[in-house]
Amino acid sequence: MFDKILIANRGEIALRILRACKELGIATVAVHSTADADAMHVRLADESVCVGPPPSKDSYLNVPALLAACEITGADAVHPGYGFLSENARFAEILADHNLHFIGPKADHIRLMGDKIEAKKTARKLGIPVVPGSDGAVAPDQDAMAIAKSIGFPVLVKAAAGGGGRGMKVAHTEADLALALSTAANEAKAAFGDASVYLEKYLQKPRHIEIQVLGDGRGGAIHLGERDCSLQRRHQKVWEEGPSPAIDAASRAKIGSTVAKAMQQLKYLGVGTVEFLYEDGEFYFIEMNTRIQVEHPVTEMITGLDLVLEQIRIAAGGDLPLTQDEVTITGHSIECRVNAENPVTFRPSPGKILQYHPPGGLGVRIDSAVYQGYVIPPYYDSLVGKLIVHGKTRAECLMRLRRALDEMVVEGIETTLPLFRALVREPAIIDGDYHIHWLEQYLAGQ
Ligand code: MV4
């Protein structure tokens with residue numbers, strides 16, 4: 001097991017990792033920019049190192065500074081959290097070159113899943129259902145129109161180096177295709193330095209369903225059920241829940257075992273999330289995330305597992321905590337991402353938190369690193385905290401969420417709390433009857 005872990009992140013996930021380290025008896029090193037000197041994870045860590053000025057590129061993405069922090073403190077492992085360097089294969093390799101453990105998947109798997117075309121080819125080879133589309137990138141000399149016609153319009157043009165919605169263009173008819181292809185390629189070149197694009201059948205009103213997996217790197221892997229992340233705004237998840245109100249036990253078992261077998265074949269190491277679009281009873285692979293995700297607490301609440309603690313134990317060579325038969329999904333959990341944003345315009349609202357009262361009571365969890373008097377800096381994401389609720393049923397979970405939202409106080413900055421207080425009373429949400437475009441259509445109607 002590791003002796004000292006450097007947490008190469010900030011905010012609530014840094015605190016989350018620190019908590020798991022403490023429970024494992026592992027010493028902790030916090031790194032921070034000059035803007036985060038008063039952050040809670042800095043206060044609670046055994047040691048802390050300032051790695052640079054506020055801009056992420058000069059601090060949390062500053063690899064030489066992070067390596068120096070490891071050397072100064074004698075850390076033997078680095079936990080990247082999510083975002084920042086968490087899916088940077090080169091960073092994982094550089095750590096290995098310095099005899100440091102990267103708490104994450106093998107660099108080759110990070111690289112593989114970072115290329116959306118290779119990820120899809122791999123998924124198909126491993127027996128995971130994928131969206132019908134081109135077989136790889138559409139080369140400039142290829143007849144994209146013929147490929148599109150064979151798929152059937154509308155088609156979606158996607159950037160190979162994209163992900164998270166970046167570099168996507170819909171072509172509803174043949175007349176739209178040429179412009180969609182050139183626009184997507186130009187944007188991909190500008191954003192990712194790689195103009196490669198591929199085509200897929202455009203699914204009109206799917207749900208976003210993601211399967212949580214855990215692999216030991218030696219051929220053992222289990223799935224931990226799904227999360228429904230369909231409620232998104234501009235590709236930012238707002239509300240996540242598990243189990244999905246749209247998935248029945250048979251479908252869950254089927255797609256779960258397909259994904260688990262694929263991860264066994266891959267000899268996948270650590271936590272991972274396999275993302276699907278779900279429409280008319282069918283799952284379609286779109287991407288795989290090779291990191292712990294923001295919404296991991298939803299799975300923790302319904303399985304009883306500490307995913308970050310297991311991630312650390314497995315990175316240190318440990319075994320999986322459960323066999324597949326021992327995994328049980330109990331009750332229902334919903335996570336609301338409370339952001340420091342205007343609840344109507346979503347304009348960021350950084351600043352000092354004058355009053356802060358988190359909710360409590362049975363089945364209520366707050367993953368947050370803010371406190372009364374904390375100043376939310378303008379340099380990073382606007383997450384104030386994640387309100388996670390659990391209940392025996394979805395109805396009980398919604399009732400608890402309603403209560404917790406009404407209890408929660410955050411003053412001095414604007415937050416998206418009012419949005420959640422409205423959503424939790426919205427009939428379509430109460431019925432679980434929504435898809436990936438529902439939230440933006442709801443907001444447009446407000
Ligand atoms: C799609 C799609 C419809 N059809 N692929 C958006 C980001 C990335 N995860 C893939 N995304 C999509 N891919 C096909 N073939 C619709 C989306 C999409 C989306 C997916 C999940 C959650 C929210 C979304 C919002 C807009 C578009």
Side-chain angles (χ1 to χ4, degrees), residues 82-83 87 113-121 123-124 128-138 144 147-148 150-173 176-177 180-181 183-184 187-188 191-192 196-212 226-242 244-247 255 272-291 293-295 298 335 337 346 432 434-444:
Y82 51 65
E87 294 185 300
M113 296 307 173
D115 178 328
K116 302 309 166 191
I117 291 178
E118 288 311 310
K120 192 173 172 182
K121 285 181 176 176
R124 190 191 289 118
I128 294 175
V130 299
V131 185
S134 59
D135 180 22
V138 178
I147 297 170
S150 68
I151 295 169
F153 285 92
V155 297
L156 193 59
V157 185
K158 287 185 168 180
R166 295 169 302 168
M168 279 184 3
K169 290 287 172 229
V170 185
H172 290 279
T173 65
D176 299 339
L177 185 62
L181 280 166
T183 310
E187 283 183 12
F192 318 114
S196 306
V197 293
Y198 59 105
L199 294 183
E200 283 187 346
K201 178 73 183 159
Y202 180 60
L203 302 177
Q204 310 262 3
K205 289 187 173 181
R207 297 181 86 113
H208 173 126
I209 306 288
E210 56 187 32
I211 307 284
Q212 182 69 59
E226 83 279 359
R227 295 183 292 262
D228 191 325
C229 304
S230 304
L231 293 175
Q232 304 196 13
R233 176 183 176 274
R234 296 187 183 177
H235 302 294
Q236 295 302 311
K237 295 166 182 170
V238 167
W239 162 310
E240 306 103 337
E241 60 180 300
S244 166
I247 307 291
I255 194 65
T273 300
V274 183
E275 283 192 4
F276 293 89
L277 294 178
Y278 181 77
E279 190 166 73
D280 299 333
E282 297 297 330
F283 288 89
Y284 301 95
F285 171 88
I286 43 174
E287 301 175 22
M288 178 171 185
N289 302 318
T290 55
R291 65 180 188 272
Q293 294 203 245
V294 174
E295 61 270 23
V298 165
E335 175 184 87
R337 298 192 194 190
F346 296 91
Y434 54 76
H435 50 75
I436 62 171
H437 304 299
W438 185 92
L439 183 58
E440 292 194 357
Q441 291 165 0
Y442 167 82
L443 292 169

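Hydrogens, waters and symmetry mates play no part in the numbers below; they use all other heavy atoms, side chains included. Every number for a ligand or one of its atoms is a count from 1 in the order of the listing.
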Phe285 six-ring face occupied by Arg124 cation (under 6.0 Å, within 45°): no
Shortest protein heavy-atom distance from atom 21 (C) of ligand 1, along with the residue and atom involved: His208 ND1, 3.2 Å
Shortest non-hydrogen contact from Ala180 toward Val157: CB-CG2, 4.0 Å
Output field: ring centroids Phe283/Tyr278 closer than 6.0 Å: yes
Among Ile209, Ile436, Leu156, closest by any non-hydrogen atom to atom 18 (C) of ligand 1: Ile436
N/O separation below 3.5 Å, Ile286 to ligand 1: no
Nitrogen or oxygen atoms of His235 and ligand 1 under 3.5 Å apart: no
Proximal ligand 1 atoms for Val131, defined as those under 4.0 Å from one of its heavy atoms: 15 (N)
Atom indices of ligand 1 within 4.0 angstrom of Tyr202 heavy atoms, with elements: 3 (C), 4 (N)
Any Arg166 heavy atom less than 4.0 Å from ligand 1: no
Residue and atom name of the nearest protein heavy atom (relative to atom 4 (N) of ligand 1), distance in Å to one decimal: Leu203 N, 3.0 Å
Within-cut-off N or O pair, Glu287 and ligand 1, under 3.5 Å: yes
Option among Glu335, Glu240, Glu210 that satisfies the side-chain hydrogen bond (donor to acceptor under 3.5 Å, both in side chains) test with Arg227: Glu210
Atoms in ligand 1 with a heavy atom of Gly165 nearer than 4.0 Å: 6 (C), 7 (C), 8 (C)
Lys201 neighbourhood, listing ligand 1 atoms whose heavy-atom distance to it stays under 4.0 Å: 4 (N), 14 (C), 15 (N)
Atoms of ligand 1, numbered as shown, that sit under 4.0 Å from any heavy atom of Glu275: 9 (N)
Salt bridge Arg337-Glu295, side-chain N to carboxylate O under 4.0 Å: yes
Ionic contact status for Glu279 with Arg207, cut-off 4.0 Å: no
Distance, nearest 0.5 Å, that separates CD of Glu275 from CD1 of Ile209: 11.0 Å
Nitrogen or oxygen atoms of Gln232 and ligand 1 under 3.5 Å apart: no
Any Lys158 heavy atom less than 4.0 Å from ligand 1: yes
Leu277: numbered ligand 1 atoms lying under 4.0 Å from its heavy atoms: 1 (C), 2 (C), 3 (C), 4 (N), 5 (N), 13 (N), 14 (C), 20 (C), 21 (C)
Carboxylate-amine/guanidinium contact Lys169 Glu187, below 4.0 Å: yes
Side-chain donor-acceptor pair present, Ser244, Asp228, cut-off under 3.5 Å: yes
Atom 11 (N) of ligand 1: the protein heavy-atom neighbour that sits closest, reported with distance to 0.1 Å: Met168 SD, 3.6 Å
Side-chain H-bond candidate by donor/acceptor type, Glu87 with Thr290, under 3.5 Å: yes
